[in-house]
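Reviewing the structure listed below.
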Amino acid sequence: MHAPAHAPTGETLRAALAGLLDGLPPRQAAQAVERLIANYRGRTPTHTPVLRDRSDVAAYAAYRMPATFEAVCSALEAFRDRLPEFVPATHVDVGGGTGAATWAVAAAWPEGTHRTTVLDWAEPALALGAELAGGAASEALRTAQWKRQAIGASLALPDVDLVTVSYVLGELTEDGRRAVTDEAARAASAVVMIEPGTPDGYLRIIEARDRLIAAGFRVVAPCPHSAACPIERGTDWCHFSARVSRSSLHRQVKGGSLAYEDEKFSYVAAVRTGEVPPAPARVVRKPQIRKGQVLLELCTPEEGLTRETVTKRHGPLYRDARDTDWGDSWPPAAGDDGA
């Protein structure tokens with residue numbers, strides 16, 4: 001399996017993040033991350049920035065940016081697979097902090113010269129994000145604008161091609177979430193929203209999905225339709241997984257020695273105008289590979305949630321099934337051999 005298309009940008013980001021911790025005692029970095037994780041896991045939305053100063057931001061960026069980057073890259077890859085002709089000229093990253101989603105957009109459209117604006121209410125996060133982006137190879141990253149902006153009911157966005165909102169909704173009040181979603185729908189041609197792959201994160205994404213559809217958007221990914229989600233609320237949740245290389249800071253905070261971890265996330269990508277091509281099914285659980293067969297849990301355009309069993313009798317389709325990952329379209333597009 002070849003490296004992801006976004007690998008060079010991801011490697012540049014990881015190298016830049018490693019440099020942030022030079023001179024910061026490992027235990028101090030780990031303690032900052034543990035405190036910040038406790039804040040982020042709180043159920044009461046915050047009305048002030050959680051990231052207070054540069055040491056907070058550096059530690060948390062080094063810990064969280066790689067995972068956020070990989071999750072957003074996965075969502076954007078699914079979006080591009082469905083709409084390869086879409087190339088944004090303008091992009092706003094709402095609540096972008098140190099810019100993980102902005103790096104992901106630069107990786108998704110490396111050939112583009114889009115203009116990006118990152119909005120966040122935490123000045124230290126914006127300053128560090130601008131510093132990191134200033135050393136990137138991508139012109140879009142180097143020329144990005146970093147602006148302080150309250151994220152909530154007062155949000156006002158310029159008209160743009162693409163708005164990303166990643167790992168932000170959970171920090172907002174219910175009214176704030178709705179206002180941000182509605183303003184993104186008003187301003188953008190395409191909206192991509194990502195939340196943690198938890199039951200609560202999924203519910204926030206479903207609420208946003210419903211509001212985008214009500215505003216006239218059509219879902220591009222992950223759903224193969226713009227109808228109601230077939231999952232009965234409270235019984236399950238739709239989420240996906242992105243593999244992330246673990247740093248020494250990850251290992252220190254979480255323990256263990258694995259070189260990677262899997263970031264679970266929920267997302268929706270939608271567009272306001274234009275034709276969305278007919279969608280294949282989406283693999284919504286990790287495929288179960290058994291002797292002579294592969295079990296695929298699918299969300300389909302016509303039937304909702306179904307299970308398909310692919311056996312050796314299916315010939316080339318069986319080989320495709322063995323190479324299929326959680327989150328992929330099914331069946332694979334012509335010419336996509338999964339290599």
Side-chain angles (χ1 to χ4, degrees), residues 4-20 22 49 51 54 57-58 60-62 64-77 79-80 83-151 155-168 180 183-184 186-194 269 271-272:
H6 62 267
T9 303
E11 290 162 6
T12 302
L13 175 60
R14 281 189 290 274
L17 291 172
L20 290 179
D22 288 347
L51 301 175
R54 182 184 168 88
V57 174
Y60 201 72
R64 278 299 304 167
M65 271 188 84
T68 303
F69 170 79
E70 294 293 347
V72 180
C73 280
S74 294
L76 293 176
E77 182 179 0
F79 179 91
R80 288 202 69 180
L83 289 181
E85 72 282 0
F86 179 90
V87 178
T90 50
H91 164 231
V92 171
D93 188 8
V94 174
T98 53
T102 293
W103 281 75
V105 170
W109 288 280
E111 71 285 359
T113 55
H114 56 270
R115 299 186 308 280
T116 283
T117 301
V118 183
L119 304 178
D120 201 272
W121 57 8
E123 188 65 43
L126 291 167
L128 188 66
E131 180 184 323
L132 290 170
S138 163
E139 181 182 350
L141 283 168
R142 292 196 310 274
T143 60
Q145 294 186 301
W146 303 77
K147 294 184 177 181
R148 191 171 189 188
Q149 167 76 57
I151 309 301
L155 181 67
L157 300 176
D159 291 347
V160 290
D161 294 331
L162 174 65
V163 166
T164 52
V165 186
S166 64
Y167 294 82
V168 173
V180 166
E183 179 61 7
R186 184 205 62 76
S189 298
V191 177
V192 180
M193 309 182 87
I194 303 97
V271 292
R272 183 168 14 140

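Heads up: numbering here begins at 1 and tracks the sequence.
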> When rounded to the nearest 0.5 angstrom, what distance separates CG in Leu128 from CH2 in Trp146?
Replying inline: 8.5 Å
> At their closest point, which heavy atom of Ile194 faces which heavy atom of Ala71, and how far apart are they?
Replying inline: CG2-CB, 4.5 Å
> Which pair of non-hydrogen atoms, one from Val94 and one from Val168, has the smallest distance, and what is that distance?
Replying inline: O-CG2, 3.4 Å
>> Would the distance check show the side chain of Asp120 and the main-chain N or O of Gly97 forming a donor-acceptor pair, the cut-off being under 3.5 Å?
In response: yes
> Got Pro66 and Leu17 here, is their nearest side-chain heavy-atom distance under 4.5 Å?
Replying inline: yes
> CG/Leu162 to NE2/His91 distance, rounded to the nearest 0.5 angstrom?
Replying inline: 5.0 Å
> Judged by atom type as modelled, is there a donor-acceptor pair below 3.5 Å linking the side chain of Trp109 to the main-chain atoms of Phe86?
Replying inline: yes
>> Between Arg80 and Glu77, is the salt bridge (charged side-chain N to carboxylate O under 4.0 Å, His left out) condition met? List the steps.
In response: CA-CA 5 Å; Arg80 288 202 69 180; Glu77 182 179 0; over 6 Å; no
> Any idea which heavy atoms bring Leu155 and Glu183 closest together, and the distance?
Replying inline: O-CG, 3.5 Å
> Looking only at atom types and distance, does a side-chain atom of Arg186 sit under 3.5 Å from a main-chain N or O of Leu157, one as donor and one as acceptor?
Replying inline: yes
> Do you know which two heavy atoms are closest between Leu132 and Ala16, and how far apart they sit?
Replying inline: CD2-CB, 3.7 Å
> Do Glu85 and Leu83 touch side chain to side chain, with heavy atoms closer than 4.5 Å?
Replying inline: yes
>> Is the shortest side-chain heavy-atom distance between Ser166 and Thr68 below 4.5 Å?
In response: yes
> Which heavy atom in Trp121 sits nearest to a heavy atom in Ala150, and how many Å separate them?
Replying inline: CB-CA, 4.2 Å
> Shortest non-hydrogen contact from Ala187 to Pro158?
Replying inline: CB-O, 3.3 Å
> What distance separates Gln145 CD from Thr102 OG1, expressed to the nearest 0.5 Å?
Replying inline: 12.0 Å
>> Is the shortest side-chain heavy-atom distance between Val72 and Val192 below 4.5 Å?
In response: no
>> Could you check whether Glu139 pairs with Arg142 (Lys NZ or Arg NE/NH1/NH2 to Asp/Glu carboxylate O, under 4.0 Å)?
In response: no
> So, does Glu123 use its side chain to make a donor-acceptor pair with the main chain of Arg148 at under 3.5 Å?
Replying inline: no
>> Given 3.5 Å as the limit, does a donor-acceptor pair link the side chain of Asp161 with the main chain of Thr90, or not?
In response: yes
>> If I take atom OG1 from residue Thr9 and atom CZ from residue Arg14, how far apart are they, to the nearest 0.5 angstrom?
In response: 10.0 Å
> Could you give the distance from CG (Leu76) to CZ (Phe69), rounded to the nearest 0.5 Å?
Replying inline: 9.5 Å
> Is the shortest heavy-atom distance from the side chain of Thr164 to the side chain of Val105 under 4.5 Å?
Replying inline: yes
